[in-house]
2 protein chains.
Amino acid sequence: MEELIEYILQFGNLNKQQIELVISKGQILQLKKEDYFSEAGKIPKQVGFIVEGVIRGCYYNNKGEEITRCFISENSLVCDYVNFEANASSSEYLQAVTDCSLIVFSKKNWEELSHIIVGWDNIKNKMVQLCMYQKSRKGPVISQDATTRYLEFLENYPSLTNRVPLSYIASYLGVTQQSLSRIRKNIR
Amino acid sequence: MEELIEYILQFGNLNKQQIELVISKGQILQLKKEDYFSEAGKIPKQVGFIVEGVIRGCYYNNKGEEITRCFISENSLVCDYVNFEANASSSEYLQAVTDCSLIVFSKKNWEELSHIIVGWDNIKNKMVQLCMYQKSRKGPVISQDATTRYLEFLENYPSLTNRVPLSYIASYLGVTQQSLSRIRKNIR
DNA sequence: GGCATCATTTACCAAATGGTAAAAAGTGCA
DNA sequence: TGCACTTTTTACCATTTGGTAAATGATGCC
């Protein structure tokens with residue numbers, strides 16, 4: 001739980017008792033590679049914090065191709081938050097890319113924290129907003145060519161290169177797997 | 001102001017007195033085409049709501065090319081919100097594409113609303129989060145080809161086609177202006 | 001170990017897009 | 001109206017990327 005607490009304290013202060021309250025509401029969740037954390041068409045039921053592992057957001061486009069939209073790794077929140085809040089069904093899958101250890105909060109527990117910790121809403125919203133902001137900033141830039149997008153991916157996600165299948169990275173970067181393979185060859 | 005109130009009430013209820021408080025904190029701002037609402041390298045000073053006009057988010061990439069990252073039009077919030085909250089300098093410009101009428105809230109007034117209206121924070125955060133969420137969903141999809149991206153742009157932003165220069169749309173879609181011109185020709 | 005299965009690389013050609021340049025169309029102003 | 005200026009279109013060819021297919025490399029299971 002230490003990682004989670006350290007993460008939270010970036011966004012505001014909590015005393016020991018409040019930290020205990022947060023911990024008491026969280027539960028450990030282990031996901032096996034390819035398990036879903038949440039699914040398209042279903043209402044997201046929990047907020048997660050990744051202690052170990054990689055999760056991706058993905059969906060199927062109208063050609064039936066599977067597209068990876070984002071990667072989330074250690075020490076980050078994982079949740080389709082807007083739909084979690086609105087009790088609306090999600091349009092994408094959140095799927096474990098590797099075996100994962102998470103700390104998760106049910107909707108009930110997550111909401112209770114707002115009632116029992118003064119200032120929790122403030123921390124919570126800063127966390128969620130930073131999360132959304134970073135996703136939009138660390139993603140591939142559409143105006144760059146594929147090689148540049150791959151090089152920036154390596155910079156932004158150095159720890160992912162060897163634990164994520166090439167096909168996921170390819171659809172994330174908007175190129176075919178074959179093109180990405182060729183790009184990697186040309187870089188060396 | 002009616003548009004703003006209607007927009008806000010989507011996210012939660014306010015009584016007449018509270019609505020008056022919101023109105024009392026907002027100010028009218030007129031922007032001329034190409035004026036900046038906020039600038040890269042500067043700390044965003046206000047939150048805006050677009051009553052009339054179009055604003056774009058843009059920046060200069062490392063080749064010095066000007067890249068449009070998003071379009072925001074009537075009945076939407078406009079703000080680099082994370083940096084506004086954090087008093088951090090922005091990495092992009094928010095620039096009027098057409099003459100604009102806005103209702104703006106200074107940082108001081110925006111924060112005061114949190115103190116004087118119970119439940120304002122809740123409304124505010126839902127607004128901001130939906131705003132960020134939509135930006136990530138309405139943007140061009142990197143795994144689609146340029147023609148598809150343009151067609152989806154037309155669907156997502158039908159009102160922008162004739163009031164935004166082609167060059168802005170081109171960089172937004174990640175193609176050169178010449179390519180976009182060719183694409184438009186082939187669609188007809 | 002050997003086999004089946006899946007992931008990645010390579011090759012080939014077709015199609016899409018970029019870069020440069022020039023022409024055409026549109027806009028504002030004297 | 002006519003001129004200067006900006007925006008958009010068009011054309012040409014080089015380069016990048018996609019689509020299909022097959023070969024190679026990895027991985028897990030019996």
Side-chain angles (χ1 to χ4, degrees), chain A residues 31-35 53-54 56 58 60-68 71 95-99 139-154 157 160-188, chain B residues 31-35 53-54 56 58 60-68 71 95-99 139-154 157 160-188:
Chain A
L31 292 177
K32 287 282 174 198
K33 186 175 169 176
E34 297 181 6
D35 283 351
V54 181
R56 65 172 182 146
C58 63
Y60 294 87
N61 70 11
N62 50 24
K63 294 179 199 158
E65 297 159 336
E66 180 190 274
I67 307 292
T68 295
F71 293 106
Q95 183 188 36
V97 175
T98 64
D99 292 353
V141 178
I142 204 168
S143 62
Q144 290 170 332
D145 65 23
T147 302
T148 308
R149 295 202 297 267
Y150 180 63
L151 291 172
E152 293 203 348
F153 171 78
L154 294 181
Y157 298 99
L160 295 191
T161 320
N162 296 313
R163 29 183 201 160
V164 174
L166 188 68
S167 59
Y168 295 177
I169 301 175
S171 78
Y172 176 72
L173 296 177
V175 295
T176 60
Q177 180 171 325
Q178 294 88 323
S179 293
L180 183 53
S181 181
R182 174 174 43 200
I183 286 165
R184 294 213 289 192
K185 181 180 159 193
N186 292 335
I187 285 172
R188 281 187 251 111
Chain B
L31 291 177
K32 287 281 176 199
K33 188 174 168 176
E34 296 181 5
D35 282 352
V54 181
R56 65 173 184 145
C58 64
Y60 294 87
N61 70 11
N62 51 23
K63 294 179 198 157
E65 298 159 334
E66 180 191 276
I67 307 292
T68 294
F71 292 105
Q95 183 187 36
V97 174
T98 63
D99 292 354
V141 178
I142 203 168
S143 62
Q144 290 170 331
D145 66 21
T147 302
T148 308
R149 296 202 297 269
Y150 181 63
L151 290 173
E152 293 203 348
F153 171 78
L154 294 181
Y157 297 99
L160 295 191
T161 320
N162 295 314
R163 27 184 204 161
V164 174
L166 188 68
S167 59
Y168 294 178
I169 301 175
S171 79
Y172 175 72
L173 296 178
V175 295
T176 60
Q177 181 173 325
Q178 294 87 322
S179 294
L180 183 53
S181 182
R182 175 172 42 200
I183 285 165
R184 295 215 288 191
K185 180 181 160 192
N186 292 335
I187 284 173
R188 284 187 248 114

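Reminder, nothing fancy here: chain letters follow the sequence lines and each chain counts from 1.
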Specify the separation, in whole Å, of atom [atom1] of [X] and atom [atom2] of [N].
X      : N      : atom1 : atom2 : value
A/Q177 : D/dA23 : CD    : C1'   : 14 Å
B/D99  : C/dG28 : CG    : C1'   : 15 Å
B/Q178 : C/dG19 : CD    : P     : 9 Å
B/Q144 : D/dT17 : CD    : C1'   : 16 Å
A/N162 : C/dA7  : CG    : P     : 17 Å
A/R163 : D/dA26 : CZ    : C1'   : 20 Å
A/I142 : C/dT17 : CD1   : P     : 11 Å
A/K63  : D/dG18 : NZ    : P     : 10 Å

Closer than 4.0 Å, any side-chain N/O of [X] to the OP1 or OP2 of [N]?
X      : N      : value
A/K185 : C/dA11 : yes
A/T176 : D/dG18 : yes
A/R184 : C/dT9  : yes
B/S181 : D/dT9  : yes

Begin with the C-alpha distance, continue with both residues' side-chain angles, and end with the deciding distance and a verdict on side chain to side chain contact (heavy atoms under 4.5 Å, CB included) for A/Y168 and A/Q95. CA-CA 12 Å; A/Y168 295 177; A/Q95 183 188 36; 4.2 Å; yes

Side chain of A/R182 only, please: which of C/dC12, C/dG18, D/dT9 is the nearest? C/dC12

Under 3.5 Å donor-acceptor, B/D99 side chain and B/K33 backbone: yes

Would you please say whether a donor-acceptor pair under 3.5 Å links the side chains of A/T98 and A/R163? no

B/Q144 vs B/R149, test: side chain to side chain donor-acceptor pair (under 3.5 Å). Steps then yes/no. CA-CA 6 Å; B/Q144 290 170 331; B/R149 296 202 297 269; over 6 Å; no

